[in-house]
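I have a structure here, written as structure tokens, and I will follow up with some questions on it.
Every chain is numbered from 1 and lettered A, B, ... according to where its sequence line falls, protein lines coming before strand lines. Every heavy atom of this structure was used, including side-chain atoms; hydrogens, water molecules and symmetry mates were not.
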Amino acid sequence: MELKPGLRLKSTVCDAEIMVIKATDGDSLTCGGMELAAEAPAEKASGDPDHMNACVIGKRYVNEGQTVEVLCVKSGDGSLYYNGDELMTKDTKKLPSSD
Amino acid sequence: MNIALFLQMAAEACPDRSALTHDGKHYTYLELFESANKVAERFSHSGCQFVSVLDVSSPAVPIALMGAAMAGIPYVPLNYRLSTEQLSELLARIEPAFLIVDDSRTNDFDEVEATVLGRQALLDDLLSSPEVSVAWKEDPSAVAIQLFTSGTTGTPKAAILRHEHLVSYILGSVEFMGASEEQSTLVSVPPYHIAGISAVMSSIYACRRIVQLPDFDPAEWLSLCANERVTNAFVVPTMLKRIIEELDESSFDPATLMSLEALAYGGGKMPVPVIERALELLPEINFTNAYGLTETSSTITLLDPDDHRQALDHDDLVIRARLGSVGKALPSVEIQIRDDEGNELGPFEAGEIYVRGPQVSGEYLERNALVDEGWFPTRDAGYLDDHDYLYLSGRADDVIVRGGENISPAEIEDLLHAHNAIDDAAAVGIPSEEWGEAVALAVVLKNSAELSEDEIVSLIRTSLRSSRVPEVIRFTSELPYSDTGKLLRRVVKTWFD
């Protein structure tokens with residue numbers, strides 16, 4: 001799949017939705033063990049039970065090398081994986097409100 | 001990638017939370033989101049190429065901003081204070097437009113190719129009409145906002161901000177739903193200013209309630225803070241100066257500001273005595289200085305609350321001077337100081353400020369101002385200290401060149417601001433046969449204070465250098481500022497013609 005920054009994708013196993021911030025083309029991004037898709041199916045598939053640790057709206061998820069980053073824009077039960085590795089939440093520096 | 005995402009996420013995560021208060025009326029995030037969806041459909045059906053709000057702050061501002069983004073149409077807020085002639089020129093550049101105006105002005109724009117609607121009529125209609133769902137485009141390079149510059153040096157330029165710039169700025173500087181339900185931010189900057197637009201986007205993404213003050217007045221600002229239990233606010237320097245004066249002169253009890261946790265300021269150079277007095281009067285409040293430009297999607301550097309407190313009482317003069325700094329670059333922003341030939345300068349060397357980062361557009365409709373590998377020349381002059389704190393010395397175009405020597409107006413103004421008889425001061429360059437340019441000085445004395453021309457000349461001669469001594473001094477009752485707090489130097493210059 002062509003993963004361009006700004007691309008919105010949906011989980012096929014839960015309510016989760018993400019937006020790609022950084023990625024490399026042709027990589028595999030899954031939620032609940034199933035490839036994320038442009039449109040969610042009417043009937044959700046059942047996810048891989050090992051991949052159901054949830055993702056949370058507003059959190060940014062990265063791989064260890066931070067070569068991929070996605071923003072969760074809708075929470076869901078599935079967890080996000082990239083090329084087989086579970087993504088973790090990114091630590092961001094908290095800045096004071098400036099506007 | 002689309003800025004409408006911010007409102008969609010807020011409506012998803014906390015639909016019933018209060019999103020906005022205007023004139024005592026409230027909107028929830030779901031109501032804002034649904035109104036934006038409905039207005040997006042109207043924008044699309046109208047066939048307009050631009051969406052414009054020519055009005056004070058109201059709920060129509062976030063709704064039109066987000067609705068325009070959903071419809072994929074550039075949002076172009078206009079300054080309602082401009083003359084009819086200035087407005088006609090700008091409106092001719094955004095035809096056909098969907099124009100939202102004060103309800104009393106709907107018949108004032110018959111000459112313009114536009115769908116014109118009164119703000120309140122539109123808002124009421126949106127709340128009562130049936131729900132719609134809009135599918136929007138996710139094009140990062142689409143134009144989200146077009147802002148006309150103030151045109152101090154000629155015809156206003158149209159600065160372009162794309163969705164990717166604004167999304168980078170918000171994701172890089174604001175934590176989603178970082179605010180609690182009790183938090184609110186008082187927005188008193190006008191909606192056609194980049195700070196007014198970024199306040200709307202930041203607050204929505206943080207899920208922090210917006211309290212709108214359409215027409216700034218220090219007493220009203222204070223009472224709204226108290227009545228709405230405001231926790232955050234952003235002001236321009238002239239607003240903070242007037243708030244401090246109001247606190248000093250009236251019987252207003254600073255304890256009434258108990259709810260206020262954080263006060264950010266920017267949009268112009270803050271005189272050090274004003275921020276020092278503010279820190280003394282309001283020691284519990286977290287002050288943040290933010291520096292940014294329209295072309296950089298708002299804030300690029302921050303002087304945070306710890307920097308303020310540390311600087312206030314520090315013995316080390318370099319650290320103490322930081323109250324006059326605009327702070328350090330945001331994590332995703334790079335800053336360089338360059339000389340006239342474009343060479344990078346070192347710490348404490350003054351030159352032009354260049355900036356680079358994903359939030360920097362540096363682009364106008366007429367031309368792209370970015371130079372080598374994405375650097376934007378800001379036309380602001382300044383320097384970095386040895387810990388990367390940035391100091392501004394004014395617009396590069398404001399530098400006075402006297403006999404080949406560059407004089408920053410700020411150098412003279414900072415000295416005078418610190419004098420206890422002087423309320424305000426402006427140094428400008430005037431033509432001089434002998435020197436090319438010479439310094440002219442406009443001075444506002446404090447009430448009942450006395451200071452002679454000779455005393456001012458002697459102060460400058462002893463504290464600075466003889467080249468800084470003004471050729472001519474004019475005493476005046478006040479200096480001209482734009483409504484967003486920028487000193488209008490071109491007006492001051494005309495005083496010496």
Item to check | Side chain, backbone, both or neither of B:L171 within contact of chain A (heavy atoms, under 4.5 Å) | outcome: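 For B:L171, the contact with chain A is made by backbone and side chain together.
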Next on the checklist: Check the orientation of A:Y81 and A:H51. Use parallel for under 30°, tilted for 30 to 60°, and perpendicular for over 60°.
Outcome noted: parallel
Checklist entry - Taking the six-membered ring of B:Y29, is the NZ or CZ of B:R17 close enough (under 6.0 Å from the centre) and on axis enough (within 45°)? => result no
Checklist entry - Given a strict heavy-atom distance threshold of 4.5 Å, which part of B:T288 is in contact with chain A: side chain, backbone, both, or neither? => result side chain
Checklist entry - For A:T92, is it the side chain, the backbone, both or neither that has a heavy atom under 4.5 Å from a heavy atom of chain B? => result neither
Item to check | Distance (rounded to the nearest 0.5 Å) between B:I145 CD1 and B:H165 NE2 | outcome: 12.0 Å
Item to check | Spacing of OG belonging to B:S133 relative to CE belonging to B:M70, to within rounding of 0.5 Å | outcome: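 Result: 9.5 Å between the selected atoms.
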Checklist outcome for this item: When the 4.5 angstrom heavy-atom criterion is applied to B:V167 and chain A, the contacting part is side chain
Item to check | Residue selection (most heavy-atom pairs with chain A, distance under 4.5 Å) from B:A290, B:P331, B:S298, B:A199 | outcome: B:A199
Checklist entry - Contact part of B:E164 toward chain A, heavy-atom cut-off under 4.5 Å: side chain, backbone, both or neither? => result neither
Next on the checklist: As a quick check of understanding, evaluate salt bridge (Lys or Arg N to Asp or Glu O under 4.0 Å) for B:D307 and B:K328, giving each step before the final call.
Outcome noted: CA-CA 10 Å; B:D307 290 326; B:K328 293 172 139 181; over 6 Å; no
Checklist entry - What part of B:Y265 gets closer than 4.5 Å to chain A, counting heavy atoms only: side chain, backbone, both or neither? => result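 Neither part.
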Checklist entry - Does the side chain of A:L80 reach to within under 4.5 Å of the side chain of A:I18, using non-hydrogen atoms? => result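 Heavy-atom side-chain distance check passes, below 4.5 Å.
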Checklist entry - Minimum heavy-atom separation for B:C207 to B:A179, with atom names? => result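 Answer, listing the atom of B:C207 first, then B:A179: O-CB, 4.0 Å.
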Checklist entry - Looking at B:S198, B:G292, B:A233, which has the largest count of heavy-atom pairs under 4.5 Å with chain A? => result B:S198
Checklist entry - Of the backbone (N, CA, C, O) and the side chain (C-beta and beyond), which part of B:Y169 lies under 4.5 Å from a heavy atom of chain A, both, or neither? => result side chain
Checklist entry - Considering only heavy atoms, which portion of B:M177 lies under 4.5 Å from any heavy atom of chain A: side chain, backbone, both, or neither? => result neither
